[in-house]
Amino acid sequence: KSSSGIVAEVKEKRQKKDAESEDDIDREKILKAGEIASKVREYIREIAKKDVLLVEIADKIEAKIEEFGGKPAFPVNTSINDVAAHYAPLPDDKTKAHGLLKIDFGVHLDGWISDTAISFDLEDSDENRKLIEVAEMALNNSIKTAKQGIKLSEIGKEIQKTIESFGFSPVINLSGHS
């Protein structure tokens with residue numbers, strides 16, 4: 001080979017190695033964001049109690065994310081009862097946790113995001129407990145369905161099928177972020 005051919009080959013190998021190294025770093029950040037989210041979910045079990053101010057819960061979650069080395073990916077959402085999602089308490093919010101509480105939060109590391117949610121029955125309701133159990137089943141069934149190349153609509157159908165088999169209806173008009 002000519003020296004220019006060898007130089008080009010070495011450059012190509014370096015670029016490929018750099019790209020692979022960058023992919024490894026990205027993968028590490030995604031996994032680390034997920035690890036932080038998992039730890040925060042466990043922490044939330046300690047602080048999500050009836051009659052605690054929603055803003056206090058949200059502030060503690062965001063502080064815990066930062067304590068573990070991440071940053072909040074978006075404001076913590078603390079939705080109650082028929083508010084399905086996307087309620088973020090403002091600093092002066094006096095709403096207290098009660099009923100069916102859904103907490104949705106995300107962790108990011110350099111823009112790589114882990115997004116998760118957890119629900120609590122704060123009123124000892126059979127229906128709330130059943131709803132939480134069915135939602136977890138739907139999640140597990142969707143994870144089993146998810147494979148490379150499968151359409152998102154197929155995963156959605158599995159979620160809908162699971163939910164409806166227990167007499168619940170999926171939310172079909174979710175919007176928000178106000």
Side-chain angles (χ1 to χ4, degrees), residues 26-146 152 155-156 158-160 162-163 166 168-171 173-178:
D26 295 345
R27 193 175 359 265
E28 286 177 24
K29 288 177 182 176
I30 293 167
L31 292 172
K32 180 67 176 173
E35 179 184 310
I36 292 169
S38 180
K39 289 179 182 177
V40 172
R41 277 176 59 101
E42 290 307 310
Y43 171 70
I44 292 170
R45 293 180 193 282
E46 299 171 20
I47 64 167
K49 305 292 182 204
K50 187 173 183 166
D51 294 328
V52 176
L53 290 173
L54 295 182
V55 70
E56 180 182 331
I57 292 170
D59 287 346
K60 286 181 176 182
I61 292 168
E62 290 178 357
K64 189 58 78 170
I65 290 169
E66 291 182 7
E67 179 184 318
F68 287 138
K71 298 231 185 275
F74 50 85
V76 172
N77 290 214
T78 55
S79 306
I80 297 173
N81 294 334
D82 60 338
V83 177
H86 301 149
Y87 180 84
L90 296 173
D92 61 345
D93 195 323
K94 300 297 180 209
T95 307
K96 293 181 179 183
H98 65 278
L100 178 61
L101 174 65
K102 287 87 59 189
I103 299 176
D104 183 4
F105 70 97
V107 175
H108 89 83
L109 292 172
D110 298 328
W112 294 100
I113 295 174
S114 175
D115 181 354
T116 188
I118 187 168
S119 299
F120 298 92
D121 169 29
L122 300 180
E123 62 186 27
D124 197 27
S125 160
D126 288 337
E127 184 175 21
N128 287 350
R129 280 192 298 275
K130 183 178 177 187
L131 185 59
I132 291 168
E133 184 180 333
V134 170
E136 288 174 1
M137 283 196 224
L139 173 63
N140 290 333
N141 288 343
S142 71
I143 291 169
K144 290 176 194 170
T145 303
L152 289 177
I155 298 170
E158 185 60 36
I159 293 168
Q160 182 174 352
T162 303
I163 292 170
F166 288 92
F168 291 106
S169 300
V171 175
N173 60 349
L174 184 62
S175 62
H177 297 109
S178 60

Legend entry - From NZ (Lys29) to CZ (Arg27), nearest 0.5 Å: 13.0 Å
Legend entry - Test log, rule side chain to side chain contact (heavy atoms under 4.5 Å, CB included), inputs Leu100 and Ile132: CA-CA 9 Å; Leu100 178 61; Ile132 291 168; 3.8 Å; yes
Inset, instruction - Take Lys60 and Glu56 through the side chain to side chain contact (heavy atoms under 4.5 Å, CB included) test and state the conclusion after the steps. - result: CA-CA 6 Å; Lys60 286 181 176 182; Glu56 180 182 331; 3.2 Å; yes
Legend entry - Reported CG-to-CZ distance for the pair Asp115 and Phe74, which is rounded to 0.5 angstrom: 4.0 Å
Legend entry - CD1 on Ile47 to CZ on Phe120, rounded to 0.5 Å: 8.5 Å
Legend entry - His108 (side chain) donor-acceptor with Gly106 (main chain) under 3.5 angstrom: no
Legend entry - Smallest separation among heavy atoms of Ala48 and Leu122, with atom names: O-CD2, 3.9 Å
Legend entry - Intermediate values then yes/no, side chain to side chain contact (heavy atoms under 4.5 Å, CB included), Leu54 and Ile80: CA-CA 10 Å; Leu54 295 182; Ile80 297 173; 3.8 Å; yes
Inset, instruction - Find out whether Phe105 and Ile44 are in side-chain contact, i.e. whether some heavy atom of one side chain is under 4.5 Å from a heavy atom of the other. - result: yes
Legend entry - salt_bridge(Lys64, Glu67) N-O dist < 4.0 Å: yes
Inset, instruction - To the nearest 0.5 angstrom, please state how far the CD1 atom of Ile65 sits from the CG atom of Leu109. - result: 10.5 Å
Legend entry - Nearest non-hydrogen partners of Gly70 and Val107, listed with the distance: CA-CG1, 4.2 Å
Legend entry - Charged tip of Lys39 within 45° of Tyr43 ring normal and under 6.0 Å: no
Inset, instruction - For Lys71, look at atom NZ and say whether over 12 heavy atoms of other residues, nucleotides or ligands are found less than 6.0 Å away. - result: no
Legend entry - Minimum side-chain heavy-atom gap Asn81-His98 below 4.5 Å: yes
Inset, instruction - Scan side-chain atoms only and decide if Asp93 and Thr95 contain a donor-acceptor pair under the 3.5 Å cut-off. - result: yes
Legend entry - Ion pair check, Glu127 and Lys130, cut-off under 4.0 Å: no
Inset, instruction - Please name the pair of heavy atoms, one in Thr145 and one in Glu158, separated by the smallest distance, quoted to 0.1 Å. - result: OG1-CG, 3.3 Å
Inset, instruction - Report the distance from atom CG of Leu101 to atom NZ of Lys50, rounding to the nearest 0.5 Å. - result: 12.0 Å
Inset, instruction - Decide yes or no for Thr78 and Val55: does some side-chain heavy atom of the first lie under 4.5 Å from some side-chain heavy atom of the second? - result: no
Legend entry - For Asp121, salt bridge (Lys or Arg N to Asp or Glu O under 4.0 Å) partners two or more places apart: Arg129
Inset, instruction - Determine whether Thr162 and Asn140 make a side-chain contact, defined as any pair of heavy atoms from C-beta on separated by less than 4.5 Å. - result: no
Inset, instruction - Determine yes or no for a side-chain-to-main-chain donor-acceptor pair under 3.5 angstrom, with Ser38 supplying the side chain and Gly34 the backbone. - result: no
Legend entry - side chain to side chain contact (heavy atoms under 4.5 Å, CB included) between Lys102 and Asn77, intermediate numbers included: CA-CA 8 Å; Lys102 287 87 59 189; Asn77 290 214; over 6 Å; no
Inset, instruction - Count the heavy atoms of every other residue, nucleotide or ligand shown that sit under 6.0 Å from CD1 of Ile143, and state whether that count exceeds 12. - result: yes
Legend entry - Side chain proximity check, Glu133 to Met137, heavy atoms < 4.5 angstrom: yes
Inset, instruction - Give, for atom OG of Ser114 and atom CD of Glu35, the distance between the pair rounded to the nearest 0.5 Å. - result: 10.5 Å
Inset, instruction - Indicate the atoms forming the closest heavy-atom contact of Pro75 with Glu62, along with that distance. - result: CA-OE2, 3.6 Å
Legend entry - pair Ile118-Arg45: side-chain heavy atoms closer than 4.5 Å: yes
Legend entry - Minimum heavy-atom distance between Glu123 and Gly99, given as atom pair plus value: OE1-CA, 3.2 Å
Legend entry - Student check: side-chain heavy atoms of Ile57 and Val76 closer than 4.5 Å: no
Inset, instruction - Provide the closest heavy-atom pair for Ile36 versus Phe68 in the form atom of the first, atom of the second, distance. - result: CD1-O, 3.4 Å
